[in-house]
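Just below is one structure, and these are the notes that go with it.
Numbered from 1 within each chain, the chains take letters A, B, ... in sequence-line order. Because the structure is predicted, anything quoted here is derived from the model rather than measured.
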Amino acid sequence: MNMSVVDQDYLNTLNNQQKEAVLYTEGPLLILAGAGSGKTKVLTTRVTHLIQSKKCFGSQILCVTFTNKAANEMRERVQSLTQSNANSVPWLGTFHSISNKILRKHAEAVGLKPSFTILDTLDQLKLIKNILAAENIDVKKNPPKLIAYLIDHWKNKGLLPSEIKTSASDYSKNNALRIYKTYQERLKLMNCVDFGDLILHCVSIFRNFSEIRESFKRNFKYILVDEFQDTNFIQNLWLNLITSDTKNICVVGDDDQSIYSWRGAEVKNILDFEKNYSNTKTIKLEQNYRSTKNILNTASSLISNNDDRLGKKIWSDFDPGEKVWINSYSDGRDEATGTSDIIEKELIKKFSLNNISILVRAAFQTREFEERFIRIGLPYRVIGGVKFYERSEIKDALCYLRLIYQKNDDLAFERIVNTPKRSIGDTTLKKIHEFSRINNKNFFETSLELLDGNELKPKTKQSLKLLIKNLINWSKLSEQLGHVELLERVLDESGYTQMLINEKSPEADARLENLKELRSSMKNYPNLIEFLENISLQTAIDEEWDDEKINLMTIHAAKGLEFDCIFLPGWEEGMFPHQKSIEEKGDVAVQEERRLAYVAITRAKKRLFISFASNRKFFGNKNDNNDWMPSMPSRFIDELDKKYLNINEIAENSHQDFEFSQDNNFTENKRSPGWERYTKSREKIKTINYTNNLTDFKMGQSVQHETFGNGKIIHIDGNKLLINFKSSGEKKVIDKYLKKIANE
DNA sequence: TAACAACGCTTTTTT
DNA sequence: AGCGTTGTTA
């Protein structure tokens, strides 16, 4: 192939900066790419260019993306641009999937077998709980979630248990460290790794085995990293270790879109990049090809409230388009109704449903919209909701397979040993735990021994025996049968399918349906091993984009995506910015929430609707007023430049709450005036209930309770009343459960 | 001792 | 509304 102009057709659609970013191939390159500036296009074209101009083979390119989805899309685009086969760029993927691949090859170097299992968050938590129970540590004082969080953080910083220094006074941290140590030992024993280990083990291999490191360094002639602002310390180290001496490393990032600091991501990596690699070339992509001017300006006005920005000037050639709508609703149901009205009455005529998305801060917020859409029959899909592979029936099925494949997978054993019910309850399980600890054997081996002894009740013994016999049999079958047939046999012979059929509930039907889906997705893998080794990193079964459906997802999940129409509901103080994040990290967190809001706004191409409700319901509906909370519009709404907005107060009651006069000096006390008013209004509501109740009930009043019967008030504490019941004595009861009756 | 019912506490974001 | 813990039943 010669280097004619025709061969470089792929450059024709690029602007000057983009072209430069593609053609500057040698030496370190930092691309600061604003939202919608075509960075994916640049990356794919760059990969194409490297291959087409014969600078290297596709197999010599390391290209790291943030999600599997992004990797798949990029692979497809490169494929069609280079007209090559599917595996032309084998080292294209996420840090985790590439690490997985490396680790399967070099597992022995870190004391694992190549068949290791990747644990998901639920498995992790379960293991931590088991360790806590075995060591008699109070779960209330040491929440497993917190420990998991700490372990994850340590791993993101590249710290092994031996490398962590603690002060003796920090009780909970010391506890967590002890658990961390045991946790790692247990993982090794079960031949398992967690997400963090994938990266961490690779780093130790690169560090301790120079031949392996050098072979990768030699092979990877060019490295590309997407979403560099969201890489963390250990990932950065991982990269540094295998970057070759020619330093052909190109990173793409946007400091304004850094939204994963809670996962250890450091924007600092962008700033340090120029320090780490001397003679770094920096290219800024500032022209936006996605959004209308009104949308883009709205986004810019918001993000200008953040400090410490690298400073890009995003601009657009596009029309101003329609102004951004700010809609106010009285409650969440109104918000969902209003949203579906806009879609049905207006958008549906001009846009495909696939091009309409509702982006929320927290996953549970999609529910109100789902209910509405079901009610009126608008088709929708929830992206990244409950992960397919985390559904209980899918996990059950996978654990059967995991256990058949690896008898030492104690977590899998524990999960399925009594599912379906086999009369193997807590007591038996405890025995298995204890015995396996004492004898240093896994649960499967321990069960075999217990079956020999007289420790178990006959009924339990019999069903455990049957299970073990089945497992051994399935293991044998796994060598002859295809993996799909094996699953069918297992579900059948274990009684799992029957259990679901017997339930006769809609949920059980859905579960059976999901198992069918699992079966068909297994067909995409050649055998059981390939399947088990890859599903853990797979989040969902690929979405079907063929049907016309409205998309519901979290803002985090929308990263990297774009849609014609975007709805951003729930912009209320406490929800967005989220209260938890403010409590934990104060202003730093508010800035990250603001970046999240910026990401959300910049997903929109043509139409954008931001909304909030004045009253919000929490925790499902118990049909009383206790779960209602009045809410203030988010401070972010006040920060948007009104020039680009249409403000629409739909709900009558929201006027007094909705003001655009909040000043922005909340950096001092980390709370905006809006927040202050919000908390005050909450207190006020509580106070009103409280005084009303006091006027209703007086000392000595005779009352009636549904379950406790009749009694007399003998003490009043707020709305909690101490009652002396005739039949059951003194009890503390909330006033609203009481009825006044005539005094006797 | 296991299965089932009731209660109460919780909800950020994810590879 | 959904889960895990506690209390009650068979």
Kindly write out the residues that satisfy side chain to side chain donor-acceptor pair (under 3.5 Å) with [X], not counting sequence neighbours, or none if the list is empty.
X	value
A:T231	A:N269
A:E533	none
A:R104	A:N100

From [atom1] of [X] over to [atom2] of [N], roughly how many Å is that when rounded to an integer?
X	N	atom1	atom2	value
A:H556	B:dT13	NE2	P	9 Å
A:K129	C:dC3	NZ	P	12 Å
A:L122	C:dC3	CG	P	10 Å
A:E583	B:dT12	CD	C1'	12 Å
A:D230	B:dT13	CG	P	16 Å
A:K395	C:dC3	NZ	P	14 Å
A:L596	B:dT14	CG	P	10 Å
A:H153	B:dT15	NE2	P	16 Å

Indicate the ring-plane relationship of A:H556 and A:Y260, choosing parallel, tilted or perpendicular according to the 30° and 60° boundaries.
->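 A:H556 vs A:Y260 ring planes: perpendicular.
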Is the count of non-hydrogen atoms from other residues, nucleotides or ligands lying under 6.0 Å from A:E371 atom CD greater than 12?
->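 More than 12 within 6.0 Å, yes.
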Taking only heavy atoms on the protein side, list every residue of residues 94-104 of chain A lying under 4.0 Å from any atom of DNA chain B, sorted numerically.
->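 A:T94, A:H96, in order of number.
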Any idea which of [options] is nearest the [X] side chain?
X	options	value
A:F195	B:dT15, B:dT13, B:dT12	B:dT15
A:T121	B:dT15, B:dT14, B:dA2	B:dT15
A:K457	B:dT13, B:dT1, B:dT11	B:dT1
A:Y260	B:dA3, B:dT14, B:dA2	B:dT14

Any donor and acceptor pair, going by atom type alone, linking the side chain of A:N534 with main-chain N or O of A:E530 inside 3.5 Å?
->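 Judged by distance alone, yes, a pair lies under 3.5 Å.
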So, does [X] get its side chain near the phosphate of [N], meaning an N or O under 4.0 Å from OP1 or OP2?
X	N	result
A:T427	B:dA2	yes
A:N418	B:dA3	yes
A:T67	B:dT14	no

Toward the 5' end of DNA chain B, by each residue's nearest nucleotide, A:S581 or A:L429 |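 First, find each residue's nearest nucleotide; the 5'-ward one identifies A:L429.
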For A:K431 and A:K580, take the nucleotide of DNA chain B holding the closest heavy atom to each; which residue's nucleotide lies nearer the 5' end?
->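 Checking each residue's closest nucleotide, the 5'-ward one belongs to A:K431.
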May I have all residue pairs that pass salt bridge (charged side-chain N to carboxylate O under 4.0 Å, His left out) and include part of residues 118-128 of chain A, sequence neighbours excluded?
->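 Found A:D120-A:K395, A:D123-A:K395, A:D123-A:R402, A:K126-A:E414.
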Indicate, with a heavy-atom threshold strictly under 4.0 Å, whether [X] touches base, sugar-phosphate, or nothing.
X	answer
A:K421	sugar-phosphate
A:D120	nothing
A:K145	sugar-phosphate

B:dT13 base stacked by A:W262? Criteria: ring centres under 5.5 Å, plane angle under 30°.
->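 So yes, this residue stacks on that base, both cut-offs being met.
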Taking N and O atoms by type only, does the side chain of A:R263 place a donor or acceptor under 3.5 Å from a partner on the base of B:dT13?
->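 Absent.
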Among all residues two or more places apart in sequence or in another chain, which pass the side chain to side chain contact (heavy atoms under 4.5 Å, CB included) test with A:S261?
->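 Only A:E592 meet the side chain to side chain contact (heavy atoms under 4.5 Å, CB included) criterion with A:S261.
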